[in-house]
4 protein chains.
Amino acid sequence: MEGGKFHRKTFDRIDPERRAMILRVAMTEFASKGFAATGINDLARKAGISIGSLYSYFASKEDLYLAVIDMGSDTLERELSEIDPSAGFFSCLEALVRKARHAADRYPELNQIYLDSTTQGLSALAARLSNRLEAVTAKLYRRLFAAGQASGELRPDIDPGYAAFCLDNLIVMLQFSYSSDYYRDRMRIMVGVGDGEEVDEDKLVSCVLAMARGAFGAFR
Amino acid sequence: MEGGKFHRKTFDRIDPERRAMILRVAMTEFASKGFAATGINDLARKAGISIGSLYSYFASKEDLYLAVIDMGSDTLERELSEIDPSAGFFSCLEALVRKARHAADRYPELNQIYLDSTTQGLSALAARLSNRLEAVTAKLYRRLFAAGQASGELRPDIDPGYAAFCLDNLIVMLQFSYSSDYYRDRMRIMVGVGDGEEVDEDKLVSCVLAMARGAFGAFR
Amino acid sequence: MEGGKFHRKTFDRIDPERRAMILRVAMTEFASKGFAATGINDLARKAGISIGSLYSYFASKEDLYLAVIDMGSDTLERELSEIDPSAGFFSCLEALVRKARHAADRYPELNQIYLDSTTQGLSALAARLSNRLEAVTAKLYRRLFAAGQASGELRPDIDPGYAAFCLDNLIVMLQFSYSSDYYRDRMRIMVGVGDGEEVDEDKLVSCVLAMARGAFGAFR
Amino acid sequence: MEGGKFHRKTFDRIDPERRAMILRVAMTEFASKGFAATGINDLARKAGISIGSLYSYFASKEDLYLAVIDMGSDTLERELSEIDPSAGFFSCLEALVRKARHAADRYPELNQIYLDSTTQGLSALAARLSNRLEAVTAKLYRRLFAAGQASGELRPDIDPGYAAFCLDNLIVMLQFSYSSDYYRDRMRIMVGVGDGEEVDEDKLVSCVLAMARGAFGAFR
DNA sequence: CATGAATGAGTATTCATTCAT
DNA sequence: AATGAATGAATACTCATTCAT
């Protein structure tokens, strides 16, 4: 599935390194400061390009922001495509949770921007993305649940949509909790770890899997 | 538990109606536009007070924002205090989920602002709140889990912190899904309801409860 | 000679201590921050009185400022009245220089405000003072020079006005040099004292007197 | 000696006429209203440039102010460099006094701003200038006194620093007296000229020179 | 294609003054 | 007489975007 096109033709024609650099700097800036507080002039300077160039690549600050998110969606899609539904539901789910956990480490900025973009103030902006990300994820869950119920691994009476929604909620929050300062603090408080301690990642993953298995797993 | 004090003394002294009006307008503005995009001058005009007055009540835009969130924490605390831990774990949990669901309808703006405040760009700001909200919630979960394990309603081998964290993740996302445009769209896509359809709230609550029961409930 | 009246009648009627406190705080504030940068509300708070009271004593910030300067003129007048012209010109001049030197220490704020008020930006304001201070000083010089020339201590061919102007220039700058940060630094640089050293006050006074004696003293 | 750099690089790159115009307008505004009462937006409008441009040339109002003073220091330095110490002390001194007198006419605004900047309220600001102006002047005096004492024109027992300080005090006040409204009035009162009359400039210069000659000149 | 100077509406915040209590 | 809440024009400064070179 092709992402929206938020950049101008010129952006396709320039040196890939320059292209990557611009997106990387934009990602870092938007991630740490948010859409509204990020300055385009400052961003251009940090990327080592002129304001004029930036505006020849992107029609507006908004478009640049969306382009960054779109790139993030590509990344997600690539990661998800590695999941093989034929490997069994819970095996896939565990892979998914682990992937989410690692994505938070590898692309914290993408997660932070994603969080930023879900904000009510940016809803008009986000509408232009037409929920591409969730569409991709939803599709994967559909296939996983279909296969799981077909194979008898999952109970036949559960509604895949509602189950997928709840599962993904856990996964999204897990990702936020490992990539944003706010949710990290929240996690530590909820889990109840002290100042020196660390949250036990395996316990977390087990808990998520246990919830899925308990609610959706067959014969119990 | 007393909230931080983000307003000036003068704010305590004015007409309660005026006070409520200011907070209400501020809540609406911050909720719909986000912290950065909300203008103080505009806000004052909408509240029908002068800029000077607003600044005599709050030292800065930041303080006003925090005051609004703090008021929201009061509201949450009040709601949570109605939960009676002696009523049994799953009964309480269901009450909690229902409460969250209704809070999203009754105070959508509070939820939107909460979401906004968890954004990375506002992490410095949010730090001043010292996670009061999560502390309150965490405390409730502690009591619920302790009572549940004591009564034998819950398995003795689960770690209450991790369980609470996962449960609250579900509840938080439920609230976002019913109060923010972005997460509502996401929910509809994940659940897979069509254009005319509505998400079935009871199914959602059941799903959350089933996940909790399956993972944490005793003898199964 | 009566000073202008820059306060309202109410100010005459209040407790003298309150009166003195207000003027003292005003003096300190205006001296350190200058007219424009001094805030009336802040000043009132520091003086422990209400803004309303302050405005019942003085019609405007401007009037308060002028009242402070006027009080300073009283002080100067009192000091100058101690000079006895019959004691001989150079003896009086030395007394005058010493007085100036000590006034800089005792009333640094008055000097700083005086300097501030001579600024071009405040010329309209200062016009309301009608140069009361200089009139007082000029009158003293007239008497000193008249007595000095009558007694033969001073050369008969010097023009008292020009001589007085030059002498007073030296004295004014001496006062600035001991009461304002800027002119203190300037003095140290011009005199050429090092970091640990102090400017030798006696040398300074001698130098001023030598210049007067050399130019205006009879036979030599 | 190079002045501090208070402008941004962009200011070096623009049309010299534009540059001069901006500084000229800034000089006029700051001179007549003082630092605090001068508005940047107003100033930009008067200079015929946009606020944004002004801020692309100078980082702050403070910097613009200092840039104007710095330009004034250049002017002073240029003027002082015309004095030839080998021409004899008193000849140089007379040239210096005449120069000061004419500088007051040619650059009244610079003098007014200089006066403004010596104000206690601007001492923090002025500190950034590190007394460049006085350093230049002091250096010239050092050379003049050294030459004068070497040639026997001056008494060997006078301390050049103290003498220079007193002399420069006379010169500074002379300049103020011919460039600021306040000090002009003061001069007229001290000298004692009537309403139609003018202060006799030659008498003034003679008086200053007489004071120098009487105190510092050899044999007499 | 690239540049970066120029723009000016918009921002949060201050402050002298008024006036109802 | 004393208070201090209320006012709103004014302030210094920012920033997304344009466009001439």
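Letters A, B, ... are given to chains in the order of the sequence lines, protein chains preceding strands, and every chain is numbered from 1. Hydrogens, waters and symmetry mates play no part in the numbers below; they use all other heavy atoms, side chains included.
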Sugar-phosphate only, base, or nothing, as touched by B:Gly52 at under 4.0 Å among non-hydrogen atoms: base

Atom-pair distance (CZ on D:Phe11; P on E:dA6), nearest Å: 11 Å

Sugar-phosphate, base or nothing in reach of D:Ser53, heavy atoms under 4.0 Å: base

Protein-nucleotide distance (C:Phe58, atom CZ; E:dA16, atom C1'), rounded to Å: 16 Å

Counterpart base for F:dA20, defined by Watson-Crick or G-U wobble contacts under 3.5 Å: E:dT3

Nearest-Å distance for atom pair CG/P, residues C:Leu43 and E:dA16: 9 Å

Main-chain N/O of C:Ser56 paired with C:Thr10 side-chain donor or acceptor, under 3.5 Å: yes

Exercise: identify the closest heavy-atom pair between C:Met27 and C:Ile113: O-CD1, 3.4 Å

Comparing D:Ile40 and A:Asp42 on DNA chain F - which has the more 5′ nearest nucleotide: D:Ile40

A:Ser50 side chain vs A:Ser53 backbone, donor-acceptor pair below 3.5 Å: yes

Between F:dA1 (C1') and C:Ile14 (CD1): distance, integer Å: 10 Å

Nearest-nucleotide 5' precedence on DNA chain F, D:Phe35 against A:Thr38: D:Phe35

Spacing between A:Tyr55 atom OH and F:dT21 atom C1', to the nearest angstrom: 20 Å

N or O in side chain of D:Arg18 less than 4.0 angstrom from E:dA6 OP1/OP2: yes

B:Tyr57 side-chain N/O to F:dA6 phosphate OP1/OP2 under 4.0 Å: yes

Backbone N/O of C:Thr38 and side chain of C:Lys61: donor-acceptor pair under 3.5 Å: yes

Residue met sooner reading DNA chain E from 5', once A:Thr10 and C:Ala36 are mapped to nucleotides: A:Thr10

Integer-rounded Å distance: E:dC15 C1' and C:Asn41 CG: 6 Å

Any B:Arg8 side-chain nitrogen or oxygen under 4.0 Å from OP1 or OP2 of F:dA5: no

Spacing between A:Lys33 atom NZ and F:dT14 atom C1', to the nearest angstrom: 14 Å

Pair D:Phe58 and D:Phe11, ring centroids less than 6.0 Å apart: yes

Sugar-phosphate, base or nothing in reach of D:Ile51, heavy atoms under 4.0 Å: base

Length of the line joining A:Lys61:NZ and F:dT14:P, which is rounded to integer Å: 15 Å

